[in-house]
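These notes are about the structure you will find just below.
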Protein chains: 2
Amino acid sequence: MNRLAEIAKLAGVSAATVSRTLNRPELVAERTRVRVMNAVQATGFRPNELARSLRQQGSRSIGLVVTDLNPFHATLVKAVQDTAEQNDLNVILFTSDDSESREREALLTLRSHMPQGLILIPTAHTRQHQKLLQGLTVVELDRESGLTGTHTVQAQNRQGALEAVRHLTALGHRNIGAIFGQLHISTARARFEGYVQALQEAGIAYDETLVRYGNDLEASGRAAALSLLAEAARRPTALFVSNHEMTVGAIIALRSLNLKIPRDLSLASFDDSRLMLLHEPPISVVAQPTYELGKRACEVLVRALEGGEPQHLRLEAPFIPRGSTAPP
Amino acid sequence: MNRLAEIAKLAGVSAATVSRTLNRPELVAERTRVRVMNAVQATGFRPNELARSLRQQGSRSIGLVVTDLNPFHATLVKAVQDTAEQNDLNVILFTSDDSESREREALLTLRSHMPQGLILIPTAHTRQHQKLLQGLTVVELDRESGLTGTHTVQAQNRQGALEAVRHLTALGHRNIGAIFGQLHISTARARFEGYVQALQEAGIAYDETLVRYGNDLEASGRAAALSLLAEAARRPTALFVSNHEMTVGAIIALRSLNLKIPRDLSLASFDDSRLMLLHEPPISVVAQPTYELGKRACEVLVRALEGGEPQHLRLEAPFIPRGSTAPP
DNA sequence: GTGAAAGCGCTAACAG
DNA sequence: CTGTTAGCGCTTTCAC
């Protein structure tokens with residue numbers, strides 16, 4: 001006997017009535033409703049979500065695919081999770097590690113769970129997985145893949161980078177090194193454009209020997225910083241690093257070279273954290289509203305599920321000058 | 001027509017045969033198998049997990065309930081996630097925030113998804129949720145609740161704290177302040193015991209005015225440190241903080257009091273991170289093998305699902321002395 | 001080695 | 001307002 005039928009027997013009604021009481025109580029007579037609810041309370045009954053989702057052709061779950069699980073992503077996940085819970089949704093989490101196969105696997109697995117929708121940090125491979133997104137409400141978070149029909153929630157990456165590098169040029173820096181992610185990732189591209197624009201505004205020629213590209217992980221930031229400081233024809237007096245993990249790598253590199261911030265090199269970076277704040281000196285950063293990004297992504301998804309046009313949110317990412325940036 | 005039936009038609013067999021081909025290919029003739037697999041490949045078919053789980057009375061999912069989602073937990077989650085994926089399991093994530101209602105909600109929701117098992121960071125309320133764990137294979141991670149029949153995977157908390165405080169006494173400290181979590185949490189209790197033992201070994205009387213208790217979050221560490229340094233009858237010359245977030249809070253407190261580490265106060269803490277490593281001076285820590293903890297928890301769960309005695313793993317948490325600890 | 005049929009636990013039409 | 005019935009997509013007997 002299934003659980004629902006048990007309750008039904010206990011309350012002396014049919015299974016359908018129990019189901020109705022739980023899902024559309026207004027259709028049930030008060031007397032009956034009370035009787036059923038008592039039985040439900042007494043047994044601690046919860047309908048089987050699998051059966052319910054199967055029957056309803058859709059679950060109360062949403063997918064969340066992140067590219068990694070560093071502190072930035074953890075905050076995003078927490079925000080999505082909290083917001084989902086408020087909307088009676090639960091989250092199936094995947095990590096793609098920016099890998100094509102893991103992303104595909106995540107999307108395939110997700111689909112087989114009949115999710116309501118999907119919040120996704122897209123990767124370079126997302127476009128080729130377009131078919132797997134068919135029929136799903138998709139919110140792209142943090143980055144954008146260029147796919148049409150999806151919603152997007154991201155920071156004002158270009159503007160943030162622009163302000164950071166403007167700050168450096170205003171301090172008098174002319175040789176400004178920079179480390180970005182791969183330029184086919186929208187965030188890296190936007191931050192790169194902000195960097196270039198700030199140079200232009202200051203009348204500084206763009207010099208490709210001052211720029212390196214990593215993969216957003218710490219090790220690549222370290223390698224990029226070492227390469228930049230060892231090889232650059234003109235040694236930079238300031239460094240702009242476009243994500244948190246690579247900044248950590250850069251800081252480690254600077255220490256190994258025994259360079260003092262900001263005396264030997266000014267450092268400005270993307271993504272605030274307590275590490276950046278407690279560093280000596282504190283690091284000047286572009287502060288993305290991380291929790292807010294995740295929260296809004298989930299809210300956009302919820303609204304989208306109720307129907308509506310694609311939404312495209314861009315949250316402000318203010319630059320916060322701190323002790324790591326000084327005149328050359 | 002359901003998807004399975006579609007494949008069946010395409011391959012000219014019955015639905016049952018398609019199902020067999022996917023799940024128990026050895027029962028199917030080679031010729032048929034090839035034909036079915038071709039149809040599956042061609043269409044990119046994935047069986048509906050909901051239907052499958054319902055029919056099989058069990059899903060391929062495991063629950064993961066963490067108390068928070070700070071960097072420590074993020075690493076645990078990633079480890080569990082990675083290991084689960086290798087075992088063809090997927091993870092349903094919940095955050096309890098150490099709250100009774102959120103933990104109960106998580107367990108109720110989880111049950112309705114027919115999970116294989118559960119990895120759980122227990123809270124003070126887990127014991128009263130014992131009924132909700134009935135029939136589930138449970139691995140307690142990081143902490144232990146005292147429930148019987150569960151598996152446990154945790155660090156050697158007492159030993160770690162013991163070594164840290166021994167280090168402080170060896171340096172000559174006699175007034176050693178300490179900040180712990182609530183003592184009914186097993187990790188806090190074990191670390192407290194390590195602290196007390198180290199004092200005993202050094203012939204130092206335990207002084208309760210030197211001890212504070214927080215809730216494992218940053219703000220409480222800050223408050224505890226301020227209280228300790230402002231009010232303690234004998235001002236401590238060293239401070240042991242028993243978790244990462246509270247250590248961050250303590251560091252902030254020390255700065256606000258303009259106390260220099262280790263000149264004015266030695267600091268030793270629990271949980272390594274890049275923040276601790278890059279802090280100036282680097283913080284001496286008890287380094288839990290965080291990723292390993294999550295990985296082993298998942299491995300224990302997988303093994304437990306195949307049957308077997310309750311396992312109780314305790315991983316070493318070595319103390320790493322760094323620049324934040326010095327003679328008084 | 002394969003197909004027909006039943007059923008996992010639930011919800012939605014349809015009667016009454 | 002409530003009960004009966006069918007069926008979501010799959011797997012698993014049970015025959016053949």
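We find that NE2 of B:His113 is positioned 14 Å from C1' of C:dC10, with the value rounded to whole Å. Rounded to an integer number of Å, the gap from B:Leu54 CG to D:dC8 P is 13 Å. In this entry the distance linking CD of A:Gln57 with C1' of C:dG9 reads 15 Å, nearest Å. In this entry the distance linking CD of B:Glu26 with P of C:dT2 reads 13 Å, nearest Å. Computed from coordinates, the A:Lys9 NZ to C:dG9 P distance equals 15 Å when rounded to whole Å.
Contact annotation: the side chain of A:Asp97 approaches that of A:Asp68 to within less than 4.5 Å [non-hydrogen atoms, C-beta and beyond].
Summarising the geometry of A:Glu85 relative to B:Arg102, their closest heavy-atom pair is OE1-NH2, 2.8 Å, with the distance given to 0.1 Å.
Scanning for side-chain hydrogen bond (donor to acceptor under 3.5 Å, both in side chains) contacts around A:Ser19 gives A:Asn23, with sequence neighbours left out.
Using modelled atom types, one finds no donor on one side chain facing an acceptor on the other under 3.5 Å when comparing B:Gln154 with B:Asp142. Checked by atom type, the side-chain pair A:Ser59/A:His113 shows no donor-acceptor distance below 3.5 Å. Checked by atom type, the side-chain pair B:Thr126/B:Glu103 shows a donor-acceptor distance below 3.5 Å.
Each of B:Met114 and B:Glu30 lies near DNA chain C, and the nucleotide nearest B:Glu30 is the one positioned closer to the 5' end.
Within the 4.0 angstrom heavy-atom criterion, no nucleotide atom of any strand lies near A:Leu50. At the heavy-atom level, A:Ser53 lies nowhere under 4.0 Å from the strands shown.
No more than 12 heavy atoms of other residues, nucleotides or ligands lie within 6.0 Å of CD in A:Gln130, so this atom counts as exposed by the packing criterion.
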Annotated protein contacts, base or backbone, on nucleotides 10-16 of chain D with a non-hydrogen cut-off under 4.0 Å, one of B, S, - each:
BBBB---
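Direction change of the helix axis from one end of the helix from C:dG1-D:dC16 to C:dG16-D:dC1 to the other is 40°, with five pairs defining each end axis (rounded to 10°).
Looking at A:His129, A:Arg127, A:His125, A:Glu140 one by one, the single match for side chain to side chain donor-acceptor pair (under 3.5 Å) with A:Ser145 turns out to be A:Glu140.
Classification of B:Glu30 and B:Arg35 as a salt-bridged pair fails, no side-chain N sitting under 4.0 Å from a carboxylate O.
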